[in-house]
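Here is how names work: the chains are called A, B, and so on, in the same order as the sequence lines, proteins then strands, and each is numbered from 1.
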Number of protein chains: 2
Amino acid sequence: MPGKSDTDPDDTNVETSGDRYKLQGVARALRLLDLLADAGATGFTVTELSQQLETSKSSTFALLRTLVAHSYATEIQPGPRYRLGRAVIRLADSLTEGLGLTEIGRPVMQELTARTGWTTRLAVADNGFPVFIDRVDGPGTIRFHTQLGRRELPHHSAAGKAIMSALDAGRIRAIAQETGLPGRTRNTITTVDDLLADLATSRTRGFAIDDEEDDEGVFCLGAAFLDRTGTCLGSISVTGLKRDIPTWRVRELGESVRAHADDISIGLGGPTWHEYLAGGKAPTW
Amino acid sequence: MPGKSDTDPDDTNVETSGDRYKLQGVARALRLLDLLADAGATGFTVTELSQQLETSKSSTFALLRTLVAHSYATEIQPGPRYRLGRAVIRLADSLTEGLGLTEIGRPVMQELTARTGWTTRLAVADNGFPVFIDRVDGPGTIRFHTQLGRRELPHHSAAGKAIMSALDAGRIRAIAQETGLPGRTRNTITTVDDLLADLATSRTRGFAIDDEEDDEGVFCLGAAFLDRTGTCLGSISVTGLKRDIPTWRVRELGESVRAHADDISIGLGGPTWHEYLAGGKAPTW
DNA sequence: TCAGCATGTTTGGCACAACAGAACTGTGTT
DNA sequence: AACACAGTTCTGTTGTGCCAAACATGCTGA
């Protein structure tokens, strides 16, 4: 099987029954965790969960008890409701710790948010797709919520386009083909040619712009960072309301994002974006 | 099962086979996740995991494939190694989001660390036991590492003692009984009477002190915060080297921790510690 | 070049773990 | 009181998920 298509940006669609080695019970447990994650603080009751899982109450109950025994879920009162348990924090901490990114990235993000007042987010590159793993919210009352840990489509976010601007044209075309570049707003780029053009300017400019391409009224600026081998590990981006940024400030803000992304690259022992482009290791189109 | 050498409030030891409704497969999967969490960035191979799980390679393999299919694990090269996948981040984010604590707590922690230069940690109370769920590292090169998401023993950390200082004497005695108050350094409190005395002063003082009771040379100050119903949700603490803090600064620093914990209480709609003690809702001994 | 070893992957058959459904318990509502 | 409903527990049966052993692959050193 050549196209080992791990390409499915949709988490929920794991019904791809091609997998031979799927353990039903475990798969159910993981879906249960996903459901609990959706529930948030209020949690779910056994019956609600069993309905969503399309599994009998008794089986769901057994699953839950197993999760609880291992602290992956906890029971909260009243009327026994279940929500995620503390064990999941340990997992996430271990993962991000292992990446070593948050240690380096967090202070940089904090400074960027402090300086700009905008929400900063950090995404890692997963085969050219952005996966947001951390964020620092700005002081304002408006929150730009992001699901962390999900693989997003790359073509309608500044973070995604920043990552793509470090890919070669072939891969970009492949991604476009694979995702179909669905539109989200009237500004979303939906053709390969437009995308390549946009990425070309992003690359020379040093940062990518999302001008209401993901959400009406929302404006983002993103820049990629690199590790010591010169491969793009991910990107950071800032998000705010379009009405808050006059055109003449875009360049200034974008260069600030670029500079902070470079700080992360340096922290990782990698080159700045400028060095990267000059070094000849960047793919040329 | 002879005592596992590291002081372990025991996540791993879920062999308590009394649990009727344990699903073997799921339990294995969860233990597998725990193992992967220990692995960190390097990950483990199938054989390593199967040995640690005490399960056949083929079964372990099937488990792994199921985890991978749901993005709870990923395969990394070379020589197929497995580590945690991005899905776990989503879980943790959902959990802390739900608690609403990190949103309120994070800025406070940042300010406290910025002001003191010490590492700040946030613990939630789990039946009187502290579970650290977030941290903000200080600028220094020395890092005080904590496993997030683990249930720790409460009697040898400032965070734990801060939480306990909001409990009634009965519960404290029960915890002492349950844990046996094992010693960690020569300063660790190991008798119930000493513990109660220490907690009494902590309570009136407004913050708890860990004077090399957990680790030689390490000094901590912790203070509890309360929600709108006046119950203690957790505590924050700062950690540093004992040699960095002269005796005369302890009070000042402790009161700063107290003040920041109060900020969290206020953010949660709860009373300050002072109001709490005066309000008569605090248990009296 | 070829055994020899140590991985990861695949298969198939059997046993029993884990399903579903029905019975039981508890709590709040009319 | 009787009901309705949700959370538990029990139990028989089936199909799931176990394991052993075979297969494939890659590395080592003779």
Side-chain angles (χ1 to χ4, degrees), chain A residues 1-6 14-36 39 42-70 72-85, chain B residues 14-36 39 42-70 72-85:
Chain A
M1 45 175 79
K4 71 176 302 189
S5 51
D6 177 38
V14 199
E15 311 299 338
T16 12
S17 46
D19 290 46
R20 269 178 300 254
Y21 303 102
K22 191 154 88 173
L23 304 191
Q24 189 199 63
V26 175
R28 279 180 175 173
L30 299 181
R31 282 180 51 214
L32 196 47
L33 286 175
D34 288 337
L35 288 177
L36 289 172
T42 50
F44 277 135
T45 65
V46 180
T47 0
E48 286 165 343
L49 289 169
S50 80
Q51 280 161 6
Q52 297 198 54
L53 260 189
E54 291 171 323
T55 304
S56 70
K57 254 198 311 182
S58 46
S59 302
T60 310
F61 184 66
L63 286 168
L64 276 170
R65 292 297 279 263
T66 312
L67 292 182
V68 169
H70 290 254
Y72 279 77
T74 43
E75 209 174 330
I76 54 178
Q77 294 306 326
R81 306 180 75 80
Y82 294 85
R83 68 159 192 217
L84 291 176
Chain B
V14 200
E15 313 297 340
T16 12
S17 46
D19 288 44
R20 267 179 299 257
Y21 302 102
K22 193 156 88 173
L23 304 192
Q24 189 200 50
V26 175
R28 280 180 174 173
L30 299 181
R31 282 181 51 215
L32 194 48
L33 286 175
D34 288 338
L35 288 177
L36 289 172
T42 51
F44 278 134
T45 66
V46 179
T47 356
E48 287 166 343
L49 289 169
S50 81
Q51 280 159 6
Q52 298 197 54
L53 260 190
E54 291 171 324
T55 305
S56 73
K57 254 196 312 180
S58 39
S59 301
T60 309
F61 185 66
L63 286 169
L64 275 171
R65 292 298 277 264
T66 311
L67 292 183
V68 169
H70 290 253
Y72 278 78
T74 41
E75 209 175 330
I76 55 179
Q77 293 306 325
R81 305 181 74 81
Y82 293 85
R83 71 158 190 219
L84 291 175

- Task: Find out whether T47(B) and T60(B) are in side-chain contact, i.e. whether some heavy atom of one side chain is under 4.5 Å from a heavy atom of the other.
- Result: no
- Find the distance F61(B):CZ to dA6(C):P and express it as a whole number of Å. 20 Å
- Classify the side chain of S59(B) and the base of dG17(D) as holding, or not holding, a donor-acceptor pair under 3.5 Å. no
- Message: On DNA chain D, compare the nucleotides closest to T45(A) and Q24(A); which residue's is nearer the 5' end?
- Response: T45(A)
- Message: Let me spell it out: for each of P80(A) and G25(B), pick the nucleotide of DNA chain D with the closest heavy atom. Which residue's pick is nearer the 5' end?
- Response: P80(A)
- Item | Rounded interatomic separation in angstrom, taking CD from E48(B) and C1' from dA6(C) | 12 Å
- Message: What is the distance, to the nearest angstrom, from the CG atom on L63(A) to the P atom on dA18(C)?
- Response: 10 Å
- Is any side-chain nitrogen or oxygen of S56(B) closer than 4.0 Å to OP1 or OP2 of dA20(D)? no
- Item | Separation of dT7(C) P from L49(B) CG (nearest whole Å) | 13 Å
- Item | Euclidean distance, atom NZ of residue K57(B) to atom C1' of dT25(D) [Å, nearest integer] | 12 Å
- Message: So, taking the atom named OG in S58(B) and the one named CG in L63(B), what distance separates them when rounded to the nearest 0.5 Å?
- Response: 10.0 Å
- Value in whole Å for how far the P atom of dG26(D) lies from CZ of R81(B): 18 Å
- Heavy-atom side-chain contact between L32(B) and T55(B) under 4.5 Å: no
- Interatomic distance, R28(A) CZ vs dT16(D) C1' [rounded to whole Å]: 11 Å
- Which of dT10(C), dC18(D), dA20(C) is nearest the side chain of L23(A)? It is dC18(D)
- Message: What I want to check is whether an N or O donor and acceptor connect the side chain of S58(B) with the base of dA20(D) at under 3.5 Å.
- Response: yes
- Is there side-chain contact between R83(A) and T74(A), with at least one heavy-atom pair below 4.5 Å? yes
- Note on the structure: Whole-Å distance, Q51(A) CD to dA20(C) C1', equals 16 Å
- Query: Can you check whether L23(A)'s main-chain N or O pairs, donor with acceptor, with T66(B)'s side chain at less than 3.5 Å?
  - Reply: yes
